[in-house]
Amino acid sequence: MKAGKMLFSFLLVGVLAVAVVASGCIGGETTTQTTTLEQITLKVIGPWSGAELDAFNEVIKEFEAEHPDIKIEYKTYRAEDLSTILPLQFESGDTPADLIFMWGWFIADMGTKGHVMELGQIINPNEYVPGILDTVTVDGKIYGAPFTAAAKPGFWYRKSFFEEHGLTPPETWDEFVKLLEQIKQIPGIKAPIVSGDSVGWPLSDVTEHFIMTFGGAELQQKLINGEVKWQDPQVRSIFEERLVPLLEAGYFSDPIEWTSAVELWWKGEYALYFMGTWLTGMVDDPTDLGLISLPGVKAMVLAPDYFMVPKYTSHPDEALELAKFIATEGQRIHVGTSSGKLATWKEVTMDDYWEPMKDVAKVVANVESAPDLDDSVGGEWQKAFWDQLKLLWVQPDRLDEVLKTLDEKFPKE
Amino acid sequence: MRKSKFLTPLFFLLPALILMVPFVIYPVFKTVYLSFFLDDKFVGLENYKNVLLSPDIVNLDRFPNKSPPWGALIHNVVWIAIHLPATVFLGLGIALLLRRKEIKGASIIKSIIFLGMVIPMIVGGLIIRFLFEEGAGVIPAIFKALGIEGLAITWTAYPKTALFAAILGSIWIWTGFSMLMYSAGLASIPKDYYEAALIDGANRFQIFKNVTWPLLKPITIVVVAMTLLWDLKIFDVVYVATGGGPGGASMVLALQMWDYFARALNYNYAAVVAVLLTTLTLIPALWLIRRRD
């Protein structure tokens, strides 16, 4: 009985096999085949959550629509946390995601250590804002790609607040100082400028704006490269003559948590807030926003979100496909949302922008762009920079000590 | 017979021992090993010298005449000097107070005080941060009401106050532990002892000095040792409340170790601080074990 059943099974399989082969031969060119699409999942790690993630999800949705065989799974990780996780995972030949957004200097570092795929095949440097790829390029090899960028263009104010108090944006440094004094006299104002804080980067953004206004992009680049010391007379004078007097006069508030600062500033407890362009997506009415750059500003930080494709991805081709999309068409989609970001891919036009960002994009287009100072140097120095600025903000008389520490902690090579 | 007496416990211990080797013993030896190397080159005690002489760890130029930073090691010592007696005596005082019959709702008050121990330390750090923030926190508001403008500031933003804000905040967090321990200890003392002391004509202070305090000695040893260990390995509260700043004014050893490891990616220096921290925490731990024996 058992042997009979087996014989029948073999016979059936044999018949089926012959039928399949025969159908293939007979069918020729006119045979239609139905194939099931195998869907793969790519993991993406980025820093966004909330409204910022909603904006990025628009990019992801578009990519998934164009690539039905690829599904994207997104996880939020801060760069600070990733910096502790990734080196160890990479050393063990593993990666938590197929595409990871991270600091430019970190990507370059991981690239030189052989953990990251080269992106030269999908990135055409001529299509990008000049200099934007420098941070992620080592010895001519491009290890990272830029997504959209945040600019740090100046001090934001509410147009309605200025109208209510008869204030006008300044044209000169003296007018700027006079404006601060005018604001200080307004009843209910705690300080003219609110100082954002948390891990420390908001203070570094303000400081860099002063450096670039009075020293230009060249000085910023030299500080990044370690070619100019922090105790150099040129740098010292920017602190001594421009920033420190404002701090001593009480024009800046104590550093307070930067998202709380947004609310307090919007409520009218402070009049000005130095922040990146992402602020446009954080306020109730972006059309009420006005922008004051320091008079005579020569350059501005254009800080893109860089990403890398780790070598340990299980889907290198699909990951590169996604990388190419994010670095190009993805930017066009992203600047059209309320992300408050600017394109680094030159194919994006002014018409692609979200309405409140068009004016900002025009302002930024008229000045030289420079890399973010602390993000470019990175490492222990970055934290020291943030920390020392917090100290300077509350004790401006310790400028000498702050500048000395920044020189001492600067990477030796 | 003797063989089986040895083999049976070993058999039951084996799974734990097997797990301990890769997850505890190997990392411990590897950490010590790393502390003697720099860029894969054996440097002997060079790393120890560099780290211990660094102002990040001990800054005698500023200590004690100027405001912090005094170095992470000194900050830990200051932490112990303030936090340890404060939590021990505050916990004991509250436990004694809440034992009195005339205090109504003692268990509710205890629960509220113990809340500091129950919440995640990250949340505790955040609460400390806002507690001491001008315009939001109750501490600057109190000083403002008292007319002490010098302290009606954001404590975590100033070098002279940041360390103390973190320490005072952690007293709130940790007092619940010592209060609970002392409450349990007080409940275990037989009432007869107090009755006998009262019959002998002892006053309240004499009863405390000669009956309560000596009988609470085992509890005190545990509270002191555990508080010391907590003070030495403090990390999360400082990380969230002040980030070790401003200007390193509230930096502690555990946070410095993390900075070397995660920021500077200098695993060797991080290993040195880890060895130092482990050695320091072993002292109260061994003391506790010996006293309990």
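Letters go in sequence order (proteins before strands), and every chain restarts at 1.
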* Asked: So how far is it from B/W258 CH2 to A/T84 OG1, rounded to the nearest 0.5 Å?
  -> 6.5 Å
* **B/F42 CZ: over 12 foreign heavy atoms closer than 6.0 Å** => yes
* Asked: With a 4.5 angstrom heavy-atom cut-off, which part of A/S260 approaches chain B: side chain, backbone, both or neither?
  -> side chain
* For chain A, find which of B/I153, B/D56, B/T156 contributes the most heavy-atom pairs closer than 4.5 angstrom. => B/D56
* A/R398 and B/S67, any side-chain heavy atoms less than 4.5 Å apart -> yes
* **CG on B/D259 to NZ on A/K383, rounded to 0.5 Å** => 4.5 Å
* Charged N to carboxylate O below 4.0 Å: is that the case for B/K66 and A/E401? -> no
* Atom CG of A/L88 and atom CZ of B/F261: how far apart are they, to the nearest 0.5 Å? -> 4.5 Å
* Asked: Contact part of B/S54 toward chain A, heavy-atom cut-off under 4.5 Å: side chain, backbone, both or neither?
  -> neither
* Is the number of heavy atoms from other residues, nucleotides or ligands within 6.0 Å of NZ (B/K144) greater than 12? -> no
* Asked: For B/M226, does the CE atom sit with more than 12 other heavy atoms under 6.0 Å from it, leaving out its own atoms?
  -> no
* Structure fact -> Honestly, the part of A/W393 sitting under 4.5 Å from a heavy atom of chain B is neither
* **Residue among B/E134, B/E133, B/R129 with most heavy-atom pairs under 4.5 Å to chain A** => B/R129
* Could you grab the distance from atom OG1 of B/T154 to atom CD of A/E257, nearest 0.5 Å is fine? => 12.5 Å
* Structure fact -> So, the part of A/I256 with a heavy atom under 4.5 Å from chain B: the answer is both
* Can you see which heavy atom on A/P87 is nearest to which on B/L265, and at what distance? => CG-CD2, 4.3 Å
* Asked: If you draw a 6.0 Å radius around NZ in A/K229, do more than 12 non-hydrogen atoms from other residues or ligands fall strictly inside?
  -> no
* Asked: Under a 4.5 Å cut-off applied to non-hydrogen side-chain atoms, are B/P246 and A/Q395 in contact?
  -> no
* Asked: What is the minimum heavy-atom distance between B/P159 and A/L391, and which atoms define it?
  -> CG-CD1, 3.1 Å
* Is it the case that more than 12 heavy atoms not belonging to A/Y77 sit under 6.0 Å from its OH atom? -> no
